[in-house]
Amino acid sequence: MIVNNQNYRTIWMENSSVFMINQHLLPHRFEIHQSKNYIETANAIKTMIVRGAPAIGATGAFGIAQAALEFKGNNPEDFKNHIENASKTLKSTRPTANDLFYAIDFVRNKMLKNFNVDDAKKDAVKFANEYADWNAELCRQIGEHGNKLIKNNQNILTHCNAGALACVDFGTALSPIRIAHYNKKNIFVYVDETRPRNQGASLTAWELAQEKISHAIIADNAAGHFMKNKKIDFAIVGADRIAMNGDVANKIGTYTKAVLAKENEIPFYVAAPLSTFDINAKTGDDIPIEERHGDEVLYISGIDEDKKIKKIRIAPEESPAKNPAFDVTPAKYITGIITEKGIIKPANEEIEKFVKNR
Ligand code: MRU
């Protein structure tokens, strides 16, 4: 993605450090966060300095590479145990996004095949970089497929941030929008603010502004109004995990928008790489939903007149909050799933066919 006329990825590795765009500070400040070891990388995922399913997947892959480099000695059994512990730590950071587990297993399984410690360390870095490059390319392909669905002069709704910041580059839901814009299609994007953490208002809006794509941020509660008044032609969101029957877990509030889209006869698409499908989840009921701290609902963060980032309470001191981070949208509300290999109907047989060849 282009930031201040320079090309950036969301995450990358140099020597034994992982670098990432600090998503706590956007849209107010653009800073790069450095994690010097795999424990710091795990913390960056847990505290959401980096977030979004493919982005935390690639970060987990780099975390495993760091763990390999940190190992002292050359006993293969000890090395294997060290990698198992690091995998557990990295996987325990967030429960819902399938990519985190998929990416960590990708690097771990490849590096531990007929290995000696020295080669495995080099392989870990190589495979983690391969994973990140691969994810960037898949997202570009999702953009090419999705672009074919977008017509000139369309108004598009998106929820949360499924942009380059949520991936290594391009994005999932934002990738077709980006490519439509590069193809000179006249489009307008309605950006759900996405309470409680406001990933839409702070991250998606920032990405669209960087690319000069016309957009407006809307309150989460406003989408129904715009749909009913024929202001939205098309809705597109990302996914954290997809069950084999096509049920989709994505940012809290996605389900509401999908039901509203069906009621208003608006196509509702999900964009996600095939790594998002969980072969062990038969339906959405098998997807674990992350419960986050209530403070995310009770407080809001922003910038004051002195340009200081501040967190302020918006609720009574006595009031607690409930804060599920994701919800599950049943397959019947989804028009299609845009993947790197084309558009899939959210139904068992079709999904199995695609996932077998991923
Ligand atoms: O809690 P977050 O910010 O990690 O949630 C992100 C989302 O729900 C995205 O929509 C999803 O990961 C798809 S990203 C390409």
Side-chain angles (χ1 to χ4, degrees), residues 1 9-11 20-24 26 44-60 93-103 132 135-136 138-143 146 157-178 191-207 220 235-242 248-258 268-278 287-293 296-297 301 323-329 334 337-340:
M1 86 193 97
R9 279 188 169 184
T10 301
I11 338 123
M20 58 197 84
I21 296 176
N22 188 334
Q23 302 194 37
H24 282 180
L26 287 173
I45 300 173
K46 203 180 177 75
T47 59
M48 296 178 67
I49 289 173
V50 60
R51 35 64 52 204
I56 64 174
T59 310
T93 51
R94 296 196 70 192
T96 303
N98 198 55
D99 268 356
L100 180 64
F101 307 94
Y102 189 89
N135 186 264
L138 299 184
C139 287
R140 194 194 60 74
Q141 290 171 10
I142 287 171
L157 176 79
T158 190
H159 188 70
C160 193
N161 172 264
L165 290 167
C167 304
V168 177
D169 205 351
F170 291 97
T172 53
L174 282 201
S175 188
I177 290 174
R178 243 176 241 284
V191 181
D192 284 343
E193 59 177 349
T194 320
R195 282 280 290 145
R197 289 186 68 98
N198 288 318
Q199 289 96 327
S202 54
L203 305 176
T204 300
W206 179 80
E207 284 194 41
D220 284 326
I236 183 165
V237 299
D240 283 83
R241 195 184 293 222
I242 307 178
V248 169
N250 191 48
K251 181 53 56 194
I252 193 77
T254 302
Y255 169 51
T256 320
K257 303 302 149 74
F268 190 92
Y269 282 94
V270 170
L274 289 167
S275 55
T276 315
F277 289 88
D278 178 358
I287 300 178
I289 299 296
E290 179 178 12
E291 187 71 34
R292 292 191 62 87
H293 202 286
E296 292 182 352
V297 176
S301 122
N323 187 15
F326 302 98
D327 59 25
V328 172
T329 300
I334 297 162
I337 305 174
I338 309 165
T339 73
E340 66 272 24

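One is the number of the first residue; the rest follow in order along the sequence. Counting starts at 1 for both ligands and their atoms, in listed order. All heavy atoms count here, side chains included; hydrogens, waters and symmetry mates do not.
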Original post:
Partners of Asn323 by side-chain hydrogen bond (donor to acceptor under 3.5 Å, both in side chains), sequence neighbours excluded?
Top reply: Glu296
**OP:** List in chain and number order the residues that pass ring-ring contact (aromatic ring centres under 6.0 Å, His included) with Tyr255, two or more places apart in sequence or in another chain; answer none if no residue qualifies.
**Re:** none
**OP:** Output the distance between atom CG (Asn135) and atom CD1 (Ile142), rounded to the nearest 0.5 Å.
**Re:** 8.0 Å
Original post:
What distance separates Thr254 OG1 from Asp192 CG, expressed to the nearest 0.5 Å?
Top reply: 8.5 Å
Original post:
Name the residues in contact with ligand 1, where contact means a heavy atom under 4.0 Å away: which are they?
Top reply: Met48, Arg51, Gly52, Ala53, Pro54, Arg94, Cys160, Asn161, Ala162, Ala166, Cys167, Thr172, Gln199, Gly238, Ala239, Asp240, Asn250, Lys251, Phe326
Original post:
Quick one: side chain to side chain contact (heavy atoms under 4.5 Å, CB included) partners of Ile252, sequence neighbours excluded?
Top reply: Pro196, Pro324, Asp327
**OP:** Output yes when Glu193 and Arg195 qualify as a salt bridge under the 4.0 Å nitrogen-oxygen rule, no when they do not.
**Re:** no
